[in-house]
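Owing to the predicted nature of the structure, the values given are computational and were not obtained by experimental measurement.
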Amino acid sequence: MARESTLRFGAQTDEMTSLLRIVNMVRTGEAATRPEIGRVTGLGRGVVTQRVDHAIEMGYLADGEFGPSSGGRAPRTLRFRGDAGRIVVCALGALHIHVGVALLDGDVIDQEHAPWDIARGPAETLDKALSMIDEVLARTPDVPVWGIGVGVPGPVDFDSGRPVAPPIMPGWNGFDVRRRFEQRYDAPVWVDNDVNLLTFGERARRDDDRLDLIYCKMGSGIGAGLLSHGRIHRGVNGAAGDIGHVRVRDSDALCRCGKIGCLEAVAGGWAMIRDALAEIEAGATGVLATAVADDEELTPELISIAAENGDALAIRLVQRSARVVGESIAALVNMFNPSVIVIGGAMAGAGELLLAEVRQRVYELSLPLATRDLTIAQSVNDRREPLRGGVEMVREQLFEVTFPRWFGDGRPTVVAIRGALEAVA
């Protein structure tokens, strides 16, 4: 189902407004031929032809195959020029960097992935990310970059593109991430929390314009993305969904953020590793104990796999984490009333073992009306998901938020996007 346009048309000439509308209709699939455009807009055949020819000259549209005939000559279809530009995505994780390049219609055409510790700081990390992006762009056709999406594993002020006191990102607080990318590629940049990128990916996969969804990422840390009526809810400062730092009752565990009793300090992947090492030191045996004895590094992924394979210690850790996370999600369900909860992240690899515990706590602690039509599911465990989500985030900003402001230029520019966002604010 095509997403209907939510463009806010600015003060423009009637010609430019109708031209913009026609391009957007073809882009979203609302109309695919000149006769269809005429029926939807009410414009005459000659005006439609003129506008379409103009859009083709500007590089937005191109003729496609012939469509089905309704009795006369078959009309030629139109297509949006998804190959006219590129969208770049850089997904930074706690222990990795993932970059990709996509067409304007959302298809990821190339990517690179590398292990990396985000604690090495913004200068080294962005140098590495930019070099990876350059490598990928060098393998794709030489067309302009229209937009860049960056995801970081911490709170972000979306308007400024700056991380805000991220617990696992020393040196990143207030760092102007956006500027480095703008200077390198001369393209507008949007920076968001990594969980929001995953939430965008779920929206695209489910193709539901009115979806109410919570995406809970259980990895080294814990966070949530909130989708309300198909729109990401970031909150006034970008802190919405940061459930990893809500207080867990009766807990005195010290969190990486410096507070006591945070959900992440009790149930996050790094907390599971801490607890696993303590139990192994106390005499626990099994797969995890063997891994430690062999100098293998414990990770949330390893614990999840061991739990799936029946390791008793790993099962206890996963189930305990899932129960506590389920309690926090239940509070969100009562307040937010979503139709879908998606559990993702490294710990989601434990599969039904983890989901069963989350479901039990959510259904036990939530109101019956809030869970009547609720689905709780595991995410698609695909490394490319942050890239797809980042592309969707950029496409939303380009074509649904700022399109009228830069349309006449033929491609988005940093100056035009900044002006558009200031006008929206």
Side-chain angles (χ1 to χ4, degrees), residues 88-100 111-136 148-158 160-181 184 189-199 201 215-225 238-239 241-245 254-259 262-265 268-274 297-303 344-348 383-387 389-390 393:
V88 170
V89 177
C90 174
L92 302 176
L95 297 173
H96 69 87
I97 298 175
H98 199 176
V99 304
Q111 60 184 312
E112 285 287 345
H113 184 273
W116 187 267
D117 187 350
I118 195 89
R120 294 176 68 168
E124 278 191 77
T125 299
L126 295 185
D127 283 346
K128 175 66 174 179
L130 292 171
S131 68
M132 292 172 64
I133 291 171
D134 288 344
E135 290 178 13
V136 176
I148 300 170
V150 182
V152 301
V156 176
D157 182 334
F158 187 72
S160 69
R162 297 172 184 262
V164 181
I168 65 170
M169 300 170 63
W172 288 82
N173 183 39
F175 187 84
D176 192 353
V177 176
R178 198 161 57 187
R179 182 174 60 85
R180 289 289 305 275
F181 290 90
R184 184 69 153 256
V189 180
W190 291 271
V191 185
D192 209 346
N193 179 272
D194 60 346
V195 188
N196 284 345
L197 264 59
L198 294 167
T199 308
Y215 190 107
C216 182
K217 181 183 177 184
M218 299 176 62
S220 179
I222 297 173
D242 195 4
I243 64 171
H245 300 284
L254 177 64
C255 185
R256 295 181 294 186
C257 72
K259 298 182 185 295
C262 293
L263 175 64
E264 185 177 299
W270 67 270
M272 292 173 63
I273 294 170
R274 175 201 63 204
E297 182 181 3
L298 287 190
T299 64
E301 292 92 341
L302 180 59
I303 293 175
M347 290 163 56
R383 181 182 286 178
R384 293 170 293 181
E385 288 308 292
L387 300 183
M393 184 261 287

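Legend: residues meeting ring pair (Phe, Tyr, Trp, His ring centres under 6.0 Å) with His96, ordered by chain and number and at least two apart, are His113.
Once rounded to the nearest 0.5 Å, the distance linking CD of Glu112 with CG of Leu387 reads 11.0 Å. Atom CZ of Phe181 sits about 11.0 Å away from atom CG of Asp176, to the nearest 0.5 Å. The line from OG of Ser220 to CD of Glu301 is 9.0 Å long, rounded to the nearest 0.5 Å. A distance of 10.5 Å separates CG in Asn193 from CE in Met393, rounded to the nearest 0.5 Å. Taken to the nearest 0.5 Å, the CZ atom of Arg179 stands 8.0 Å off from the CZ atom of Arg162. Within the model, atoms SG of Cys255 and CG of Leu263 stand 9.0 Å from one another, a figure rounded to the nearest 0.5 Å.
Across all non-hydrogen atoms, the minimal contact from Asn173 to Ala165 is OD1-N, 2.7 Å. Of all non-hydrogen atoms in Val195 and Gly225, the two that sit nearest each other are CG1-N, 3.3 Å. The shortest non-hydrogen separation linking His245 to Cys257 is ND1-SG, 3.5 Å. Contact between Ile118 and Leu92 at its shortest, heavy atoms only, is CD1-CB, 3.9 Å. Among all heavy-atom pairs drawn from Leu198 and Glu385, the shortest one is CD2-CB, 3.9 Å. When all heavy atoms of Phe158 and Val191 are compared, the closest pair comes out as CD1-O, 3.2 Å.
Within the 4.5 Å cutoff, the side chain of Pro166 has heavy atoms near those of the Pro155 side chain. Here the side chains of Arg180 and Val189 are not in contact, with every heavy-atom distance at 4.5 Å or above. Side-chain contact between Val88 and Val99: absent, with no pair of heavy atoms (C-beta onward) separated by less than 4.5 Å. Contact of the Pro300 side chain with the Ile273 side chain is registered, since non-hydrogen atoms from C-beta on lie closer than 4.5 Å. For the pair Arg120 and Lys128, the minimum side-chain heavy-atom distance is 4.5 Å or more. Tyr215 places none of its side-chain heavy atoms less than 4.5 Å from the side chain of Asn196. Residues Phe175 and Leu126 have side chains in contact (heavy-atom distance under 4.5 Å, counting atoms from C-beta outward). Proximity of Pro153 to Ile168: side-chain heavy atoms (C-beta onward) are separated by under 4.5 Å at one or more points.
Asp117 places no side-chain N or O within donor-acceptor distance of the main-chain N or O of Leu95, the cut-off being under 3.5 Å.
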(message) For a side chain to side chain contact (heavy atoms under 4.5 Å, CB included) check, start with the C-alpha distance between Trp172 and Val177, then their side-chain angles and the critical distance, and finish with the verdict.
(response) CA-CA 9 Å; Trp172 288 82; Val177 176; 4.0 Å; yes
(request) Before giving the answer on side chain to side chain contact (heavy atoms under 4.5 Å, CB included), spell out for Ile148 and Cys90 the whole-Å C-alpha distance, their side-chain angles and the decisive distance to 0.1 Å. (result) CA-CA 8 Å; Ile148 300 170; Cys90 174; 5.7 Å; no
(request) Evaluate the criterion side chain to side chain contact (heavy atoms under 4.5 Å, CB included) for residue pair Gln111 and Arg384; output intermediate values, then yes/no. (result) CA-CA 8 Å; Gln111 60 184 312; Arg384 293 170 293 181; 3.1 Å; yes
